[in-house]
2 protein chains.
Amino acid sequence: MQIGSKFTIGVHIITAIACFRDMDRVNSEFLAGSIGVNPVIVRTVISQLREAGIVQTQRGSSGAELTKRLDEITLYDIYKAVGSVDAEEGLFHFHEQPNPDCPVGRNIHKVLDQRLMDAQRAMEEKLRSTTLADIVEDTRQALDNESNEETALLQAESRM
Amino acid sequence: MQIGSKFTIGVHIITAIACFRDMDRVNSEFLAGSIGVNPVIVRTVISQLREAGIVQTQRGSSGAELTKRLDEITLYDIYKAVGSVDAEEGLFHFHEQPNPDCPVGRNIHKVLDQRLMDAQRAMEEKLRSTTLADIVEDTRQALDNESNEETALLQAESRM
DNA sequence: GATAGTTGTAATATATCATATTACAACTAA
DNA sequence: TTAGTTGTAATATGATATATTACAACTATC
């Protein structure tokens with residue numbers, strides 16, 4: 001099992017909006033092309049990000065705007081916004097009908113639940129510790145490295 | 001999405017084996033009754049626990065035995081044994097075709113992967129910190145509380 | 001050694017869920 | 001007015017979790 005890709009899609013969307021906002025307002029079709037999924041998926045995720053108060057959009061008008069500073073948006077916010085894990089159910093699916101007539105069956109839930117929640121929370125805390133400012137920063141860094149490598153390559157070629 | 005119930009079923013199985021081992025060897029049918037699932041599911045999970053070196057079984061002969069001490073079996077061992085999360089894929093499903101022609105698309109994976117792994121690992125470390133000795137101990141504790149409550153109830157009744 | 005009970009596993013069915021896709025109304029910008 | 005865009009419902013498709021049936025291999029016991 002895996003946490004659905006809407007989470008990484010959400011991160012991709014916000015990163016792209018942040019990276020391209022000075023050049024262009026990116027629409028759902030462009031984003032879909034960058035992400036490699038259907039535009040309706042992008043619009044769905046953007047809707048969820050809007051409901052979570054992370055972006056703002058206008059029907060008919062192209063592109064979305066961020067409503068928070070990048071360093072105020074954490075990975076956890078996006079994970080939560082797109083409903084990566086059902087709040088009621090939790091990360092771990094417990095078998096649903098342990099037998100109340102068995103001493104183990106009627107107690108296993110009680111005994112395990114807290115520890116499973118702790119594990120889930122540890123994961124979520126980690127997600128809280130990264131902001132989209134970190135992600136965008138690292139993306140820019142990666143782009144810089146790309147162009148440095150390209151320059152180095154060109155220089156190497158010209159030396160031959 | 002959720003981590004499948006085979007994980008909690010695995011914990012239930014080992015707890016039951018530990019709790020009942022002095023009284024009875026529990027077979028897959030009994031366990032299925034306690035857990036509330038089909039006996040074949042139980043046998044499948046036991047097979048995976050056996051492959052992980054946690055239990056020992058014998059074809060035709062009833063019941064499974066633990067091959068490790070309870071304090072040497074962690075929740076993580078069971079989580080791993082039943083393949084709760086695919087080792088290749090990881091906990092987070094990344095969208096599969098980010099566009100290499102887009103500056104964000106070709107870098108998002110690199111930028112996110114480490115942080116997602118860190119989050120997954122934080123969850124897994126928490127699972128490592130609980131042993132089956134803890135679980136069995138807590139289960140016995142819960143059973144004690146049950147009988148204390150029962151006694152209290154009986155005493156209350158006799159006073160009326 | 002014959003019988004009843006058990007495990008191991010393959011094969012299949014079913015239900016649920018993630019993702020893709022089509023379609024279209026509501027809206028904006030030019 | 002026209003072309004482009006968003007928001008969302010409806011539906012399709014494929015993957016996966018769990019249930020179930022079936023049976024061969026094996027053990028324990030009478």
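The analysis underlying the following values was restricted to heavy atoms, covering all of them including side chains, and did not include hydrogens, waters or symmetry mates. Being a predicted model, the structure only gives us computed values, none of them experimental. Order of the sequence lines fixes the chain letters, A, B, ..., with proteins taken first and strands second; residue numbering starts at 1 for each chain.
What separates CD1 of B:I41 from C1' of C:dA15 is a distance of 14 Å, to the nearest Å. As a whole-Å value, the separation of B:F94 CZ from C:dA18 P is 18 Å. Spacing between atom CD1 of A:I17 and atom P of D:dT6 amounts to 10 Å, rounded to whole angstrom units. Following rounding to the nearest Å, B:I3 (CD1) and D:dT16 (C1') show an atom-to-atom distance of 15 Å. When rounded to the nearest whole Å, the span between CZ of A:F7 and P of C:dT19 equals 13 Å. Taking atom CZ of residue A:R43 and atom C1' of nucleotide C:dA25, one finds them 12 Å apart after rounding to whole Å. Taking atom CD on B:Q2 and atom C1' on C:dT16, their separation rounds to 12 Å, with Å as the unit. If you take CG of B:N27 and P of C:dT6, they are 5 Å apart, rounded to a whole angstrom.
With no hydrogens or angles considered, a side-chain donor-acceptor pair links B:S34 and B:H12 at under 3.5 Å. The closest side-chain donor-acceptor pair between B:E146 and A:N107 falls under 3.5 angstrom.
At C:dT21, one or more side-chain N or O atoms of A:N38 fall inside 4.0 Å of OP1 or OP2 (strictly under the cut-off). Contact between the side-chain N/O atoms of B:S5 and the OP1/OP2 oxygens of D:dT18 is found at a separation under 4.0 Å. Residue A:H93 has a polar side-chain atom (N or O) positioned under 4.0 Å from OP1 or OP2 of D:dT18. At the phosphate of C:dG8, OP1 or OP2 sits under 4.0 Å from a side-chain N or O atom of B:T57. Note on B:R50: a side-chain N or O is less than 4.0 Å away from OP1 or OP2 of C:dG8. In terms of phosphate contacts, A:S61 brings no side-chain nitrogen or oxygen within less than 4.0 Å of OP1 or OP2 of D:dT5. Look at A:S47 and you'll find a side-chain N or O under 4.0 angstrom from OP1 or OP2 of D:dT8.
The residues A:E137 and A:R140 are annotated as not salt-bridged, no charged nitrogen and carboxylate oxygen being separated by less than 4.0 angstrom. At a threshold of 4.0 Å, the pair B:E65-B:R25 counts as salt-bridged, since one of the basic side-chain nitrogens sits closer than that to a carboxylate oxygen.
At the heavy-atom level, B:E29 lies nowhere under 4.0 Å from the strands shown.
You'll find that the side chain of B:S62 is closest to C:dT7, out of C:dT7, C:dT9, D:dT27.
Screening A:H93, A:H95, A:E96, A:H109 for a side chain to side chain donor-acceptor pair (under 3.5 Å) with B:T8, the sole residue that qualifies is A:H95.
Of the residues near DNA chain C, A:G60 and A:P39, the one whose nearest nucleotide (by heavy atom distance) lies more toward the 5' end is A:P39. Projected onto DNA chain C by closest heavy-atom contact, A:G36 and A:R59 fall at different nucleotides, the more 5' of which corresponds to A:G36.
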